[in-house]
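Quick note: numbers below take in every heavy atom, side chains included, and nothing from hydrogens, waters or symmetry partners.
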Amino acid sequence: MSRDVLSRVVVVTGGTRGLGAALTETFRARGDRVWVLARTPPSGSAVQHTDRYLPVDVTIPAQLLRASTEIGARDGKIDLWVNNAGCGQPAPFLADDNALWEAIFSTNFWGTVHGCRTALGGLRRPGGAILNVASLAGVMAPRGHSAYSTAKAAIIALTRSLAVEYASAGIRINAIAPGPIDTPGFRAQGGDPVARARTIPTGRLIPLAEVTAAAVFLAEPLSALTGQTLILDGGSQAAGCYV
C-alpha cells in the first residue's frame, strides 16, 4: 500500500485521557496508525481497542527512546509526533515551592523537549512533523498559574526555535494553544464550566472537536506551515480577557 495522508504513523503522548484521547481517536478515525504513549492505560472507545499503546513517562527520555525504537520496528518512520502530555495545578507564586514548578516543568516543558528530541530521531525526512500542545495560558496570564503559564510559554518558544532549525530538513514543527476545554482535568482543578464560559466572548468553553480539527489542519503536509502557534480561545485574546 502506498503511503499517503490517510496511512500515516502518528504518535500521541498522554493519549489516553482528555485532549490526548480525543486526538488519538481523531487521527485513528482518519486511517492513521496511532501509537499512544502514556502512563495511564487506555480505556474507552477507540483508545481502549488500540494495540499500539506503550506505557511511557515522558519525563524519562530512555522510555521515549525505547518506544520510538519499537514503533520504528513495527511501522517504520514516524510521520507525526504529538507532544500532548501535560499537567497543571494552580498555586499563588509565593505560596508554592520549587517542587510544584519542577513537577509542572518536568512534564510540560521537559516532557516536550524529550519528545521533540526523540521524534527528530524517528521522523520521516523530509515530510515529518511535530505538533506541540501549548495553551492560551502560555500567551496570556491567568491568575495563580505562574508555573503552568511559564512552562507553556516556553513550549511556544521551543516550537518556533526548532521550526527554524529543522526547516531545511523538511520537518515542520507547530503548536496549538487552546483556551479552557471542558475535560476531567479542568473540572479536577475546580473549574466551573458554566462560570468560565461567561468570561469567553463566544460564551462557551473551547469545543474539543474544534481543537482536534485544528490539530488535523496543522498536520497537513503544507511545507510553508511551520513555526506557528494556532490559538483557539473563543476571542479571549482579541478581547484582552483571561480569567
Side-chain angles (χ1 to χ4, degrees), residues 11-14 18-20 23 37 57-61 64 78 80-91 93 96 98-123 125 128-181 185 206 211 214-215 217-220 222-238 240-242:
V11 175
V12 180
T13 70
L19 175 57
L23 289 168
L37 312 184
D57 184 334
V58 298
T59 69
I60 304 175
L64 285 164
I78 298 165
L80 173 66
W81 183 292
V82 183
N83 287 307
N84 166 75
C87 65
Q89 178 180 335
F93 179 65
D96 74 43
N98 287 341
L100 175 63
W101 276 69
E102 289 169 359
I104 289 178
F105 261 76
S106 181
T107 299
N108 290 281
F109 177 67
W110 283 109
T112 300
V113 169
H114 300 326
C116 286
R117 284 177 172 159
T118 305
L120 288 167
L123 280 175
R125 298 192 184 203
I130 294 173
L131 178 62
N132 295 326
V133 177
S135 169
L136 179 61
V139 181
M140 303 181 72
R143 187 183 302 275
H145 284 271
S146 54
Y148 181 77
S149 182
T150 304
K152 290 298 188 179
I155 289 173
I156 293 172
L158 176 70
T159 299
R160 290 196 300 263
S161 297
L162 294 183
V164 172
E165 185 170 348
Y166 288 92
S168 62
I171 292 176
R172 300 182 307 104
I173 304 173
N174 293 293
I176 52 175
I181 307 168
I206 311 308
V211 180
F217 167 68
L218 290 174
E220 290 296 316
L222 305 173
S223 61
L225 182 58
T226 191
Q228 302 301 309
T229 296
L230 183 53
I231 300 171
L232 298 100
D233 66 357
S236 294
Q237 186 181 29
C241 59
Y242 191 175

Only distances under 3.5 Å count here; give the side-chain donor-acceptor pairs of residues 156-171 to other protein atoms, sequence neighbours excluded, each with its distance to 0.1 Å.
unit_1: Thr159; atom_1: OG1; unit_2: Asn132; atom_2: ND2; d: 3.0
unit_1: Thr159; atom_1: OG1; unit_2: Ile155; atom_2: O; d: 2.8
unit_1: Ser161; atom_1: OG; unit_2: Ala157; atom_2: O; d: 3.1

Enumerate donor-acceptor pairs with a distance under 3.5 Å from any side-chain N or O in residues 108-117 to protein atoms, sequence neighbours excluded.
unit_1: Asn108; atom_1: OD1; unit_2: Cys87; atom_2: N; d: 3.3
unit_1: Asn108; atom_1: OD1; unit_2: Lys152; atom_2: NZ; d: 3.4
unit_1: Asn108; atom_1: ND2; unit_2: Cys87; atom_2: O; d: 2.6
unit_1: Asn108; atom_1: ND2; unit_2: Ile104; atom_2: O; d: 2.9
unit_1: Thr112; atom_1: OG1; unit_2: Asn108; atom_2: O; d: 2.6

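Applying the side chain to side chain contact (heavy atoms under 4.5 Å, CB included) criterion to Ser236, with sequence neighbours excluded, gives Leu136, Ile200, Pro201, Asp233, Cys241. Judged as a side chain to side chain contact (heavy atoms under 4.5 Å, CB included), and not counting sequence neighbours, the contacts of Leu225 are Arg172, Asn174, Phe217, Leu218, Leu222, Gln228. Scanning for side-chain hydrogen bond (donor to acceptor under 3.5 Å, both in side chains) contacts around Thr226 gives an empty result, with sequence neighbours left out. Every side chain to side chain contact (heavy atoms under 4.5 Å, CB included) that Ala214 has, sequence neighbours left out, goes to Ile176, Leu230, Leu232.
Under the 30°/60° scheme for interplanar angles, the aromatic rings of Tyr148 and His145 are found to stand perpendicular.
Listed here is the closest heavy atom pair of Ser146 and Phe93: OG-CD1, 3.6 Å. Summarising the geometry of Val211 relative to Pro178, their closest heavy-atom pair is CG2-CB, 4.0 Å, with the distance given to 0.1 Å. Contact between Ala215 and Leu23 at its shortest, heavy atoms only, is CB-CD2, 3.5 Å. Among all heavy-atom pairs drawn from Gly14 and Asn84, the shortest one is O-ND2, 3.0 Å. Closest approach of Leu100 to Ala91, counting heavy atoms only: CD2-CB, 3.5 Å. Ser106 approaches Thr59 most closely through the heavy-atom pair OG-CG2, 3.2 Å.
The distance from atom CG of Leu120 to atom CH2 of Trp81, rounded to the nearest 0.5 Å, is 10.0 Å. Here the OG1 atom belonging to Thr13 is positioned 5.0 Å from the CG atom belonging to Asn83, to the nearest 0.5 angstrom. Interatomic distance, Leu80 CG to Leu131 CG, rounded to the nearest 0.5 Å: 6.5 Å.
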Side chain to side chain contact (heavy atoms under 4.5 Å, CB included) between Val58 and Leu37: does it pass, once the steps are laid out? CA-CA 8 Å; Val58 298; Leu37 312 184; 5.8 Å; no

